[in-house]
Amino acid sequence: MARVEIYTKVTCGFCRRAKMLLDMKKVPYEEIAVDFGGPDKARMVERANGRMTVPQIFIDGVHVGGCDDLMALEQEGKLDTMLAA
């Protein structure tokens, strides 16, 4: 199974939606909270090519994007392949 990392904030509805999809698929993920900024937020922005919004999702170190991007991969039938790697 692929390694999934998701940068989130507690009050983010898009974060909850992305995690709900991963939970439905029974995909384990590492959640990195960036509510208060700091080094984790700086690392997220660097890894996400300057994107500062959450969630930012990475599968096996590859930047997938945010919630809408994750949902698009699911709708296109590409997410399962990425997660199986």
Side-chain angles (χ1 to χ4, degrees):
M1 174 110 0
R3 179 174 184 237
V4 178
E5 301 163 275
I6 180 168
Y7 289 85
T8 65
K9 289 186 177 181
V10 172
T11 58
C12 171
F14 289 105
C15 298
R16 283 191 296 276
R17 188 170 167 221
K19 292 188 300 182
M20 191 179 334
L21 175 60
L22 295 171
D23 289 340
M24 263 184 9
K25 293 183 153 299
K26 300 191 184 326
V27 174
Y29 54 86
E30 176 185 356
E31 183 174 3
I32 304 142
V34 293
D35 296 273
F36 302 109
D40 286 335
K41 173 83 181 253
R43 176 142 171 73
M44 177 198 83
V45 172
E46 179 184 324
R47 292 179 72 197
N49 298 314
R51 290 176 78 176
M52 299 181 71
T53 58
V54 290
Q56 291 300 321
I57 303 158
F58 296 82
I59 298 176
D60 279 341
V62 175
H63 182 232
V64 170
C67 179
D68 290 343
D69 302 305
L70 186 70
M71 296 300 170
L73 286 171
E74 172 68 1
Q75 196 166 37
E76 295 165 6
K78 297 177 181 177
L79 183 58
D80 288 339
T81 302
M82 290 181 77
L83 294 171

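When the side chains of ILVMFWY residues are joined at heavy-atom separations under 4.5 Å, either directly or via intervening members, Tyr29 and Ile32 end up in two distinct hydrophobic clusters. By the rule that hydrophobic residues join a cluster once side-chain heavy atoms approach within less than 4.5 Å of another member, Met44 and Val4 end up as members of separate clusters. Criterion: ILVMFWY side-chain heavy atoms under 4.5 Å apart, direct or through other members. Under it, Val62 and Phe58 are not part of a common hydrophobic cluster. When the side chains of ILVMFWY residues are joined at heavy-atom separations under 4.5 Å, either directly or via intervening members, Phe36 and Tyr7 end up in two distinct hydrophobic clusters.
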*CA sep, side-chain torsions, deciding dist, call: Val34, Thr8, side chain to side chain contact (heavy atoms under 4.5 Å, CB included)*: CA-CA 6 Å; Val34 293; Thr8 65; over 6 Å; no
*Could you check Ile59 against Arg3 for side chain to side chain contact (heavy atoms under 4.5 Å, CB included), going step by step and ending with a plain yes or no?*
CA-CA 6 Å; Ile59 298 176; Arg3 179 174 184 237; over 6 Å; no
*Working for side chain to side chain contact (heavy atoms under 4.5 Å, CB included), residues Leu79 and Val64*: CA-CA 10 Å; Leu79 183 58; Val64 170; over 6 Å; no
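Glu46 CD: 12 or fewer foreign heavy atoms inside a 6.0 Å radius. More than 12 heavy atoms of other residues, nucleotides or ligands shown are found within 6.0 angstrom of CZ on Arg51. Counting non-hydrogen atoms of other residues, nucleotides and ligands closer than 6.0 Å to CD of Glu76 gives a total above 12.
Under the 4.5 Å side-chain criterion, counting only non-hydrogen atoms from C-beta, Lys19 is in contact with Ile6. When side chains are defined from C-beta on, Leu22 does not count as touching Glu74, because their heavy atoms never get closer than 4.5 Å.
Between the SG atom of Cys15 and the CE atom of Met20 there is a distance of 12.0 Å, given to the nearest 0.5 Å. Atom CD of Gln75 is separated from atom CG of Leu70 by 11.5 Å, given to the nearest 0.5 angstrom.
In this structure, Lys25 pairs ionically with Asp80, as a charged nitrogen and a carboxylate oxygen lie closer than 4.0 Å.
Nearest approach of Ala2 to Met82, heavy atoms of both residues: CB-O, 3.5 Å. Of all the heavy atoms in Pro55 and Cys67, the pair that sits closest is CG-N, 3.7 Å. The shortest heavy-atom contact between Thr11 and Arg16 is C-NH1, 3.9 Å. In this structure, Gly66 and Ile57 approach most closely via the heavy-atom pair O-CD1, 3.7 Å. In terms of heavy atoms, Phe14 sits closest to Val54 at CB-O, 4.5 Å.
Between the side chain of Asp35 and the backbone N or O of Lys9 there is no donor-acceptor pair closer than 3.5 Å.
Every residue meeting the salt bridge (Lys or Arg N to Asp or Glu O under 4.0 Å) condition with Arg47, not counting sequence neighbours, appears here in chain and number order: Glu5.
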